[in-house]
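We count residues from 1, following the sequence as given.
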Amino acid sequence: MTMPKNTINVAIVGLGNCASSLVQGVYYYGTEKNADASGLMHESLGGYLPSDIRITAAFDIDQRKVGKDVSKAIFEAPNCTAVFQADIPHQGVKVKMGRVLDGYSDHMSTYPDKRRFMPLDAPEPTKHDIVRELKEAKVDVLMNYLPVGSQKATEFYAECALEAGVAFVNNIPVFIASDPVWAERFEKAGLPIIGDDIKAQLGATIVHRVLTDLFAKRGVAMDRTYQLNTGGNTDFLNMKNQERLESKKTSKTEAVQSVAAHRIEDENIHVGPSDYVAWQNDNKVCFLRMEGRLFGDVPMNLELRLSVEDSPNSAGVAIDTVRCAKLALDRGRAGVIEGPSAFFCKHPPIQHTDDVARTMTEAFIAGSHIEPATKRIAAAE
């Protein structure tokens, strides 16, 4: 398959709602009627447009998706996100069977078929099979969209990325980029990695972070806070299994703690998924409360309700992480790409305020060199 010069070849693991929104977005912003690029943080990023992204490989375990062209699979149940670009050209890329490992939670089997994953009873691929597919598809960037709690499965695909020589973007709260051992492996392999756990374009975590940062900058002591989220997609259904939530709660909580003026006591902060409400489908509702003290220790509180379509909110960021990963490849950058990881993800190796992370990201895109904080700290010591 001959690709245009500026093509970014992407492999997706997990053809769920987030992947559906990403693929829809590639074609939505490739049409003349959407030439104003409304909704994008960057129309052109390092010379790459959204329409330069090509899906050349895809993996899933659901019997309704495996074997189908990507253009059809992204609209199959249990996907329930908004369809804003129904006209997706035939990709010529069939979804291949992936490895299950811990990517499926058995509690889902008690829910209706249209709401849950339905694993295909078929032979699972070996690492050799996946690596061969990535190489044959000339993949540049592997996007991990596995369900929350998929520790073993994520590590499996990270291994495949290393062996196949492709960049890795970890969109879920399994700690790969923020694990020093994994980060070093990608650096030694000469491959970039961005992660962990994608922040939405304007979602619960980014709003909570911005308000927490505002409290700190305005001298308001924050005593306690909660973020309660409900939704009806497979992400929320998957997280009904509390055993899969540990890394998710850590990721979301630390994203808020990292910008607070002083660390909030554990019992006074609750950040995380709260319940599955089937009829909400891909709509996510966040209930946020923050209690603090103003001048003279006079109490105040803030309450906010945020309603968003969850997966397009994620894809608005993913479309930039893909392009940043490809820029890193083009420039021979290896290991964790610090600015984009801090700006686009909830649990990067090093947390920065969003203002600083954005500045670092824009500098990276422009090709300016900013020494990673880890190296600056080491040099100072």
Side-chain angles (χ1 to χ4, degrees), residues 41 144 148 154 168-184 186-187 192-218 220-222 224-227 229 245-266 268-272 286 288 290 314 317-318 320-321 324-325 328 333 335-365 370-381:
M41 287 186 281
N144 179 31
V148 170
T154 296
F168 191 66
V169 176
N170 186 34
N171 296 299
I172 76 166
V174 166
F175 304 144
I176 303 294
S178 53
D179 181 320
V181 175
W182 278 103
E184 185 179 8
F186 274 88
E187 185 164 8
I193 179 171
I194 295 175
D196 299 307
D197 195 10
I198 195 167
K199 284 179 197 164
Q201 186 173 8
L202 208 158
T205 296
I206 189 65
V207 169
H208 205 166
R209 276 174 61 93
V210 168
L211 289 173
T212 300
D213 186 48
L214 180 64
F215 271 50
K217 288 176 176 175
R218 303 299 291 180
V220 180
M222 186 156 71
R224 58 190 65 87
T225 184
Y226 65 63
Q227 180 195 125
N229 302 316
L245 276 181
E246 183 177 355
S247 61
K248 182 69 172 179
K249 289 183 68 65
T250 298
S251 178
K252 289 176 72 67
T253 301
E254 290 306 312
V256 175
Q257 288 276 30
S258 66
V259 292
H262 303 285
R263 190 170 182 86
I264 304 165
E265 292 184 10
D266 289 346
N268 290 328
I269 180 170
H270 176 89
V271 183
C286 163
L288 181 65
M290 304 168 73
S314 163
V317 177
D320 279 9
T321 64
C324 282
R333 295 283 299 275
V336 177
I337 309 303
E338 186 177 348
S341 290
F343 189 50
F344 297 133
C345 300
K346 298 183 186 79
H347 197 271
I350 299 176
Q351 291 278 9
H352 297 280
T353 64
D354 292 291
D355 288 342
V356 170
R358 183 177 185 275
T359 298
M360 294 173 69
T361 299
E362 294 301 324
F364 166 78
I365 292 169
I370 296 180
E371 193 71 29
T374 49
K375 294 183 179 178
R376 294 198 302 271
I377 292 168
E381 292 175 345

Using every non-hydrogen atom in the two residues, find where Trp182 and Phe175 come nearest and quote the distance to one decimal. CD1-O, 4.4 Å

Report the C-alpha separation of His208 and Thr225 in whole Å, then their side-chain angles, then the decisive distance to 0.1 Å, and conclude whether the side-chain hydrogen bond (donor to acceptor under 3.5 Å, both in side chains) test is met. CA-CA 9 Å; His208 205 166; Thr225 184; 2.9 Å; yes

Output yes when a side-chain donor or acceptor of Arg209 lies under 3.5 Å from a complementary backbone atom of Val259, and no otherwise. no

Assess whether side chain to side chain contact (heavy atoms under 4.5 Å, CB included) is satisfied between His262 and Met222, documenting all intermediate values. CA-CA 8 Å; His262 303 285; Met222 186 156 71; over 6 Å; no

Mind checking the NZ-OG spacing from Lys199 to Ser314? Nearest 0.5 Å is all I need. 13.0 Å

Looking at side-chain heavy atoms only, is the closest gap between Ile337 and Cys324 below 4.5 Å? no

For Met360 and Phe343: C-alpha separation, side-chain torsions, deciding distance, then whether side chain to side chain contact (heavy atoms under 4.5 Å, CB included) applies. CA-CA 8 Å; Met360 294 173 69; Phe343 189 50; over 6 Å; no

Looking only at non-hydrogen atoms, find the nearest pair between Pro173 and Ser251 and report the distance. CB-CB, 4.0 Å

I need the minimum non-hydrogen distance between Ile193 and Ser341, along with the two atoms involved. O-OG, 4.0 Å

If we only count heavy atoms from C-beta on, is the Glu338 to Pro349 side-chain gap below 4.5 Å? no

Any side-chain to backbone donor/acceptor pair from Thr359 onto Asp355? Under 3.5 Å, distance only. yes

Might you point out which heavy atoms bring Ala177 and Val336 nearest each other, and give the distance in Å? O-CG2, 3.4 Å

Value rounded to 0.5 Å, distance of CD1 in Ile194 from CZ in Phe344: 7.5 Å

Of Thr154, Asn171, Asn144, Asn170, which meets side chain to side chain donor-acceptor pair (under 3.5 Å) against Asp196? Asn170

Could you check whether any side-chain N or O of Gln351 sits under 3.5 Å from a backbone N or O of Lys346, counting only pairs where one atom can act as donor and the other as acceptor? yes

Asp197 vs Cys345, test: side chain to side chain contact (heavy atoms under 4.5 Å, CB included). Steps then yes/no. CA-CA 5 Å; Asp197 195 10; Cys345 300; 5.6 Å; no

Any chance you could measure Asp179, atom CG, to His347, atom NE2, to the nearest 0.5 Å? 10.5 Å

Kindly indicate, with the supporting measurements, whether the criterion side chain to side chain contact (heavy atoms under 4.5 Å, CB included) is fulfilled by Ile350 and His352. CA-CA 7 Å; Ile350 299 176; His352 297 280; 3.6 Å; yes

Rounding to 0.5 Å, atoms CD1 (Ile198) and OG1 (Thr321) come to a distance of 5.0 Å

When rounded to the nearest 0.5 Å, the distance separating CD1 of Ile206 from CG of Leu211 is 10.0 Å

Partners of Thr253 by side-chain contact (heavy atoms from CB on, under 4.5 Å), sequence neighbours excluded? Gln257, Ile269, Val271

Working to the nearest 0.5 Å, report the span between CD of Gln201 and CE of Met41. 5.5 Å

Greater than 12 external heavy atoms within 6.0 Å of Glu362's CD: yes

Can you give me the closest heavy-atom contact between Pro340 and Phe364, atom names plus distance? CG-CD2, 3.8 Å

Can you list every pair that meets salt bridge (Lys or Arg N to Asp or Glu O under 4.0 Å) and has a residue in residues 251-261, with sequence neighbours left out? Glu254-Arg263

